[in-house]
Amino acid sequence: MTDSSDSVSVDMEGVSLGGKEHLIKTCHGYVSVSVFGDQDKPALVTYPDLGLNYMSCFQGLFFCPETCSLLLHNFCIYHISPPGHELGAAAISPDDPVLSADDLVDQIADVLNFFGLGAVMCMGVTAGAYILTLFALKYRHRVLGLILISPICKAPSWTEWLYNKVMSNLLYFYGMCGVVKELFLKRYFSKEVRGNAQIPESDVVQICRRSLEERQSLNVWQFLEAINGRPDISESLRKLQCRSLIFVGDSSPFHSDALYMTSKLDRRYSALVEVQACGSMVTEEQPHAMLIPLEYFLMGYGLYRPSQPSVSPRSPLSPLCIAPELLSPESMGLKLKPIKTRMSLQV
């Protein structure tokens with residue numbers, strides 16, 4: 001398929017852990033997809049938050065040896081970037097129509113068709129979580145499960161709409177200026193890692209800041225416009241026919257949105273994990289906190305991590321740091337129950 005005239009394949013082996021990047025023609029323009037792993041395995045599709053691509057949104061998760069082992073052992077990973085968010089992307093013409101959230105969902109369906117994929121597992125962060133949830137509602141037979149990080153499901157409140165409009169105007173007229181970068185970093189990370197006058201910002205924030213500088217501002221503006229015009233899907237969530245696992249940092253600006261979304265999902269097939277002292281992007285700020293919930297979630301599909309030495313007692317994944325209900329296979333196995341657990345940073 002990669003020889004099709006609808007796709008351009010670029011070997012990324014020297015750049016990104018053996019992945020291959022495809023530029024795929026969809027019904028709404030071209031989309032970049034980076035593929036990692038054995039394509040004979042079940043598919044895990046990822047979609048990042050505003051202003052990010054898979055390198056800046058999921059790198060921490062896949063650089064964590066335990067979670068990388070769990071996911072690549074069981075899945076082939078298909079990282080879908082929002083239009084124009086891939087590395088080295090050219091600026092989208094301002095004359096091109098602004099895609100809606102529904103258009104972005106249709107692009108995902110075209111990507112799955114290109115690779116000949118049936119039902120897939122999905123993982124998204126905030127805006128990406130919304131797009132994948134909408135995809136699961138529109139193409140229910142094509143989603144096995146949802147792993148959502150700091151998700152949203154309501155239409156923007158007046159406060160969020162105005163906030164996004166200010167950021168949208170700054171992006172359009174001034175580009176990825178300092179103010180916009182700070183607004184994005186507050187969206188992604190907790191204040192503990194963003195630093196202050198006395199404490200320098202962490203490495204993960206510095207890397208993300210540099211990544212934002214590489215984005216084409218008009219491309220980010222288009223994605224922001226799509227998300228700011230999103231419809232409310234709250235009342236449709238009980239129609240989802242797949243299991244859902246939600247992560248959210250308790251310092252995330254979308255913490256209340258994640259709790260609200262959990263309340264709207266079918267309690268028999270959804271679970272919530274709150275991560276202490278963490279912002280929205282749990283995948284980058286505290287990826288280790290995702291391992292054990294992911295393991296139990298995937299057990300419900302008959303998927304396991306390959307045998308490895310026991311977790312170090314100094315690790316934040318030590319069983320002493322995990323709420324007892326999370327360790328119950330009943331909670332995260334065949335019949336998921338809503339749970340509330342906090343992953344402590346203290347060991």
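Residues take their numbers from the sequence shown, with the count starting at 1.
Considering all non-hydrogen atoms of both residues, Ser252 and Gly279 come closest at CB-C, 3.7 Å. The two atoms that bring Ala136 and Leu240 nearest to each other are CB-CD2, 3.6 Å, heavy atoms only. Contact record, Pro287 with Thr67: O-CG2, 4.0 Å, taken as the closest heavy-atom pair. Residues Cys76 and Val35 share a closest heavy-atom pair of SG-CG1, 3.6 Å. The two residues Phe62 and Cys68 have their closest heavy-atom pair at O-CB, 3.2 Å. Shortest non-hydrogen contact noted between Val282 and Gly249 is CG2-N, 3.9 Å.
With hydrophobic clusters built from ILVMFWY side chains whose heavy atoms lie under 4.5 angstrom apart, Phe173 shares a cluster with Leu50. Linking Ile, Leu, Val, Met, Phe, Trp and Tyr residues whenever their side-chain heavy atoms come within less than 4.5 Å places Val179 and Tyr163 in a single cluster. If you chain together hydrophobic residues whose side chains sit under 4.5 Å apart, Phe135 and Phe114 fall into the same group. In the hydrophobic clustering of ILVMFWY residues, with side-chain heavy atoms under 4.5 Å counting as a link, Leu117 and Ile80 come out together. In this structure, Val220 is a member of the same hydrophobic cluster as Leu170, with clusters built from ILVMFWY side-chain heavy atoms closer than 4.5 Å.
Residue Lys239 places its NZ atom among 12 or fewer non-hydrogen atoms of other residues, nucleotides or ligands, all under 6.0 Å distant.
From Ile227, atom CD1 reaches atom OG of Ser168 across 12.5 Å, with rounding to the nearest 0.5 Å. To the nearest 0.5 Å, atoms CZ (Arg215) and OG (Ser211) are separated by 4.0 Å. Within the model, atoms CG of Leu72 and OG of Ser69 stand 8.0 Å from one another, a figure rounded to the nearest 0.5 Å.
At least one side-chain heavy atom of Phe36 sits under 4.5 Å from a side-chain heavy atom of Tyr54. Looking at heavy atoms from C-beta onward, Leu212 lies in side-chain contact with Leu185 at the 4.5 angstrom threshold. Using a 4.5 Å heavy-atom threshold, the side chains of His22 and Phe115 count as touching. Within the 4.5 Å cutoff, side-chain heavy atoms of Ser280 are placed close to those of Pro253. Annotation: side chain of Asn219 is not in contact with side chain of Gln222 (no heavy-atom distance under 4.5 Å). The shortest side-chain heavy-atom distance between Tyr30 and Ile24 does not fall under the 4.5 Å cut-off. Using a 4.5 Å heavy-atom cutoff, the side chains of Ser270 and Ile246 are not in contact. Taking 4.5 Å as the limit, every side-chain heavy atom of Leu61 sits out of range of all side-chain heavy atoms of Glu284.
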Original post:
Does the salt bridge (charged side-chain N to carboxylate O under 4.0 Å, His left out) test come out yes or no for Arg230 and Glu160, once each step is laid out?
Top reply: CA-CA 12 Å; Arg230 67 183 185 269; Glu160 183 193 347; 2.9 Å; yes
**OP:** For Leu298 and Phe75, run side chain to side chain contact (heavy atoms under 4.5 Å, CB included): C-alpha distance rounded to whole Å, both residues' side-chain angles, the deciding distance at 0.1 Å, then the answer.
**Re:** CA-CA 11 Å; Leu298 295 179; Phe75 297 104; 3.9 Å; yes
**OP:** Determine, step by step, whether Asp250 and Val275 satisfy the side chain to side chain contact (heavy atoms under 4.5 Å, CB included) criterion, reporting the C-alpha distance in whole Å, the side-chain angles of both residues, the deciding distance to 0.1 Å, and the verdict.
**Re:** CA-CA 6 Å; Asp250 65 0; Val275 184; over 6 Å; no
Subject >> Test log, rule side chain to side chain contact (heavy atoms under 4.5 Å, CB included), inputs Leu87 and Asn53 >> reply: CA-CA 8 Å; Leu87 292 172; Asn53 54 35; 4.0 Å; yes
Original post:
Where do Cys242 and Leu144 land on the side chain to side chain contact (heavy atoms under 4.5 Å, CB included) test, with the steps shown first?
Top reply: CA-CA 6 Å; Cys242 62; Leu144 291 171; over 6 Å; no
**OP:** Using the side-chain hydrogen bond (donor to acceptor under 3.5 Å, both in side chains) rule, take His141 and Gln241 through it: C-alpha gap first, then chi angles, then the decisive distance, then the call.
**Re:** CA-CA 8 Å; His141 63 290; Gln241 298 175 351; over 6 Å; no
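With sequence neighbours excluded, the residues that form a side chain to side chain donor-acceptor pair (under 3.5 Å) with Ser190 are Glu192, Glu285. Arg187 pairs by the salt bridge (Lys or Arg N to Asp or Glu O under 4.0 Å) definition with Asp49, not counting sequence neighbours. Legend: residues meeting side chain to side chain donor-acceptor pair (under 3.5 Å) with Thr26, ordered by chain and number and at least two apart, are absent. Not counting sequence neighbours, Gln216 has no partner by the side chain to side chain donor-acceptor pair (under 3.5 Å) test. Not counting sequence neighbours, Lys186 has no partner by the salt bridge (Lys or Arg N to Asp or Glu O under 4.0 Å) test. Qualifying salt bridge (Lys or Arg N to Asp or Glu O under 4.0 Å) partners for Glu214, counting only residues two or more places apart in sequence or in other chains: none. Qualifying side chain to side chain donor-acceptor pair (under 3.5 Å) partners for Gln198, counting only residues two or more places apart in sequence or in other chains: none.
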Throw together a table of side-chain donor-acceptor distances under 3.5 angstrom for residues 120-134, partners on residues two or more places apart or in other chains.
residue, atom, partner, partner atom, Å
Thr126, OG1, Ser150, O, 3.1
Tyr130, OH, Pro231, O, 2.6
Thr133, OG1, Ala129, O, 2.7

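Judged by the 6.0 Å and 45° rule, Arg243 forms a cation-pi pair with Tyr301.
With hydrogens and angles ignored, the 3.5 Å screen pairs no side-chain donor or acceptor of Glu225 with any backbone N or O of Val98. Although no hydrogens or angles enter the test, the distance criterion places a donor-acceptor pair under 3.5 Å between the side chain of Thr262 and the main chain of Ala258. In this structure, the side chain of Gln286 engages the main chain of Gln276 through a donor-acceptor pair within 3.5 Å. Side-chain atoms of Lys25 do not come within 3.5 Å of backbone N or O of Val31 as any donor-acceptor pair. Checking side-chain atoms of Thr283 against main-chain N and O of Cys57 turns up a donor-acceptor pair under 3.5 Å. Between the side chain of Asn74 and the backbone N or O of Tyr304 there is at least one donor-acceptor pair closer than 3.5 Å. In this structure, Asn113 contributes its side chain and Ala109 its backbone to a donor-acceptor pair below 3.5 Å. Side chain of Arg194 to backbone of Phe189: a donor-acceptor contact under 3.5 angstrom is found.
Listed by first and then second residue, the salt bridge (Lys or Arg N to Asp or Glu O under 4.0 Å) pairs that reach into residues 141-152 come to none, sequence neighbours excluded. Residues in residues 80-111 take part in these ring-ring contact (aromatic ring centres under 6.0 Å, His included) pairs, two or more places apart or across chains: His85-Phe223. For the side chain to side chain donor-acceptor pair (under 3.5 Å) condition, the pairs that include at least one residue of residues 169-185, sequence neighbours left out, are Lys181-Glu213, Glu182-Arg209. Screening residues 97-111 for salt bridge (Lys or Arg N to Asp or Glu O under 4.0 Å), with sequence neighbours left out, gives Asp102-Lys138, Asp106-Lys138.
Between the side chains of His79 and Glu21, no donor-acceptor pair is found at a separation under 3.5 Å.
Classification of Lys154 and Glu235 as a salt-bridged pair fails, no side-chain N sitting under 4.0 Å from a carboxylate O.
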